[in-house]
Protein chains: 2
Amino acid sequence: MSNGRRLTRGKLSKLTGCNIETIRYYERIGLLPEPPRSAGGHRLYAEDHLKRLVFIRRCRELGFSLEEVRAFLALVDGGKYTCGEVKTLTLHHLQSIREKIADMRRLERTLAEMSAQCDGGTVPECPIIDALFETRL
Amino acid sequence: MSNGRRLTRGKLSKLTGCNIETIRYYERIGLLPEPPRSAGGHRLYAEDHLKRLVFIRRCRELGFSLEEVRAFLALVDGGKYTCGEVKTLTLHHLQSIREKIADMRRLERTLAEMSAQCDGGTVPECPIIDALFETRL
DNA sequence: TATAGGGCCTGTACTTACTACAGGTTCAAG
DNA sequence: CTTGAACCTGTAGTAAGTACAGGCCCTATA
């Protein structure tokens, strides 16, 4: 049940772990709706904002871009999204994560090999530096 | 041997695969030295520039930040670097790559699990969306 | 009720590593 | 000599925030 508690920006920040400036940023780019204000102009958030911000942060933690988050929110806001649409977006993202992992593993392997060539001695001749000067292709 | 050929920015770009604007950018931030100019003011690069740009690009491909590249170049330019210094920087970077891979694998697993929960049907109830609204701690 | 000091307000600037113009000049091939 | 590609400069844009400065508000305590 929504108890009518009103949260300041600082409280929302603490509850979600989201940086206080980032909350304002999300509002500016239209991810978080403008909340009502106090007489003095302070933002007063409700449970809905909290829920939405948790959603955004969770998406970000999972590596979704803000545009992808926006797409999710549009589906949810539209009210008539389907499971299929959501799954498509998610699988797409999963694919790109997998590609990034593959890229990083190649980097890892190359760096490990380069390091292994180098004895870390005190001479000013280094196989790592040599390798970096190599045109590869 | 350095044949005294002079390269335009466009040629350097083509030879290295580095975007033509990026070359100017590297010059601006002090990674690439200012080349001599033609009478009309066009940049004329020599073999040294080519070599250095290849080095920078190779570092970038391997995921080093521009500041790390700058550090490498400072060592090389200083002339009296040691293998040990280079190896330390490289192992540091390797470590951070490994951490990133671990992070990404966690994301991958979570996303795969979430997707598996979802049958992709046409109903407007989606376990992925539900999961994204969950506060996890 | 007065006040102190923390929290909030706004706008703007900075970050990384580029990329993309606009508007003008130079170069080189034919 | 012409013409069109390539180059020149400065500036602005990208993602996703983060970090101020300078000023106002809010509330707990005396």
Side-chain angles (χ1 to χ4, degrees), chain A residues 5-32 34-46 49 52-73 93 96-97 100 103 107, chain B residues 5-32 34-46 49 52-73 93 96-97 100 103 107:
Chain A
R5 74 172 156 153
R6 297 278 142 175
L7 302 162
T8 62
R9 189 150 60 99
K11 297 235 177 72
L12 193 60
S13 169
K14 249 153 218 156
L15 282 172
T16 58
C18 181
N19 183 297
I20 192 163
E21 295 292 324
T22 303
I23 295 174
R24 202 156 61 96
Y25 171 68
Y26 287 161
E27 179 179 319
R28 196 162 67 246
I29 64 172
L31 281 190
L32 212 50
E34 290 184 36
R37 303 283 186 127
S38 73
H42 286 201
R43 289 171 179 81
L44 294 174
Y45 296 97
H49 295 98
R52 196 178 180 91
L53 185 52
V54 165
F55 182 91
I56 297 169
R57 292 315 292 175
R58 190 83 184 90
C59 287
R60 294 290 301 125
E61 281 169 18
L62 289 169
F64 287 101
S65 72
L66 288 181
E67 283 317 301
E68 288 168 322
V69 179
R70 201 188 289 283
F72 273 139
L73 287 171
H93 177 56
S96 89
I97 293 283
K100 276 183 195 137
D103 287 349
L107 297 195
Chain B
R5 75 171 154 154
R6 295 278 140 176
L7 301 162
T8 62
R9 191 150 59 100
K11 298 236 176 68
L12 193 61
S13 168
K14 248 152 218 155
L15 283 171
T16 57
C18 180
N19 184 295
I20 192 164
E21 296 292 326
T22 303
I23 295 173
R24 200 156 60 97
Y25 170 68
Y26 287 160
E27 179 180 319
R28 196 161 67 246
I29 64 171
L31 282 190
L32 212 50
E34 289 184 37
R37 303 284 185 128
S38 73
H42 286 203
R43 288 170 181 81
L44 293 173
Y45 296 97
H49 295 98
R52 196 177 180 90
L53 185 51
V54 165
F55 182 91
I56 296 170
R57 292 314 293 175
R58 190 85 186 89
C59 287
R60 295 289 301 128
E61 281 170 19
L62 289 170
F64 287 101
S65 72
L66 288 181
E67 282 318 300
E68 287 168 323
V69 178
R70 199 188 290 284
F72 272 138
L73 287 170
H93 178 56
S96 89
I97 294 282
K100 277 183 194 137
D103 287 348
L107 297 194

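In what follows, every chain begins at residue 1, and chains take the letters A, B, ... in the order their sequences are listed. Because the structure is a prediction, the values reported are computed rather than measured.
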K.L.:
Looking at every strand, decide which applies to B:Y26 at a 4.0 Å heavy-atom threshold: base, sugar-phosphate, or nothing.
P.N.:
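Result for B:Y26 = sugar-phosphate.
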K.L.:
For A:E27 and D:dA16, what is the distance between atoms CD and P respectively, to the nearest whole Å?
P.N.:
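Going from A:E27 (CD) to D:dA16 (P), I get 19 Å.
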K.L.:
So does B:T22 get a side-chain nitrogen or oxygen closer than 4.0 Å to the phosphate oxygens (OP1/OP2) of C:dT19?
P.N.:
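Answer yes for this pair, as a side-chain N or O of B:T22 is under 4.0 Å from OP1 or OP2.
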K.L.:
Taking for each residue the nucleotide of DNA chain D with the nearest heavy atom, is it A:N19 or B:E21 whose nucleotide lies nearer the 5' end?
P.N.:
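Whichever sits nearer the 5' end wins; that is B:E21.
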K.L.:
Minimum heavy-atom separation for A:E61 and B:L107, please, with both atom names.
P.N.:
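Here A:E61 and B:L107 meet closest at O-CD2, 3.1 Å.
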K.L.:
Return the value, rounded to whole Å, for the distance between atom CG of A:L7 and atom C1' of C:dG7.
P.N.:
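To the nearest whole Å, that distance equals 15 Å.
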K.L.:
Reckon A:S38 has a side-chain N or O less than 4.0 Å from the OP1 or OP2 of D:dC25?
P.N.:
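For D:dC25, OP1/OP2 do not have a side-chain N/O of A:S38 under 4.0 Å.
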K.L.:
Looking at A:E27 and A:R24, does any basic side-chain N land under 4.0 Å from a carboxylate oxygen?
P.N.:
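Salt bridge between A:E27 and A:R24, a charged N being under 4.0 Å from a carboxylate O: no.
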K.L.:
Just checking A:I29: base, sugar-phosphate only, or nothing, at a heavy-atom cut-off of under 4.0 Å?
P.N.:
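Nothing, no nucleic acid heavy atom in range.
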K.L.:
Can you confirm whether B:H49 sits close enough to B:L7 that some side-chain heavy atom of one is under 4.5 Å from a side-chain heavy atom of the other?
P.N.:
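B:H49 does not reach B:L7 side chain to side chain.
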K.L.:
What's A:R60 touching, base or sugar-phosphate or nothing? Going by heavy atoms closer than 4.0 Å.
P.N.:
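Sugar-phosphate, backbone atoms only, no base.
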K.L.:
Looking only at side-chain N and O atoms, does A:R9 come under 4.0 Å of OP1 or OP2 in C:dG7?
P.N.:
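Indeed not, no polar side-chain atom of A:R9 lies that close.
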K.L.:
Quick one: do the A:Y45 and A:R5 side chains pair a donor with an acceptor below 3.5 Å?
P.N.:
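No, A:R5 and A:Y45 have no side-chain donor paired with an acceptor closer than 3.5 Å.
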K.L.:
Scan B:R57 against the nucleic acid and name what it touches under 4.0 Å (heavy atoms): base, sugar-phosphate only, or nothing.
P.N.:
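It contacts sugar-phosphate atoms only.
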K.L.:
Tell me which of A:H42 and A:R28 sits closer to the 5' end of DNA chain D, going by the nucleotide each one is nearest to.
P.N.:
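Between the two, 5'-proximity favours A:R28.
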K.L.:
Can you tell me the distance, in whole Å, between the OH atom of A:Y25 and the P atom of C:dC14?
P.N.:
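Taking OH of A:Y25 and P of C:dC14, I get 18 Å after rounding.
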K.L.:
Does the side chain of B:T8 get closer than 4.0 angstrom to OP1 or OP2 of D:dC7 through an N or O atom?
P.N.:
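For D:dC7, OP1/OP2 do have a side-chain N/O of B:T8 under 4.0 Å.
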K.L.:
Could you say whether B:L66 or A:R24 is positioned toward the 5' end of DNA chain C, judged by the nucleotide with the nearest heavy atom to each?
P.N.:
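Whichever sits nearer the 5' end wins; that is A:R24.
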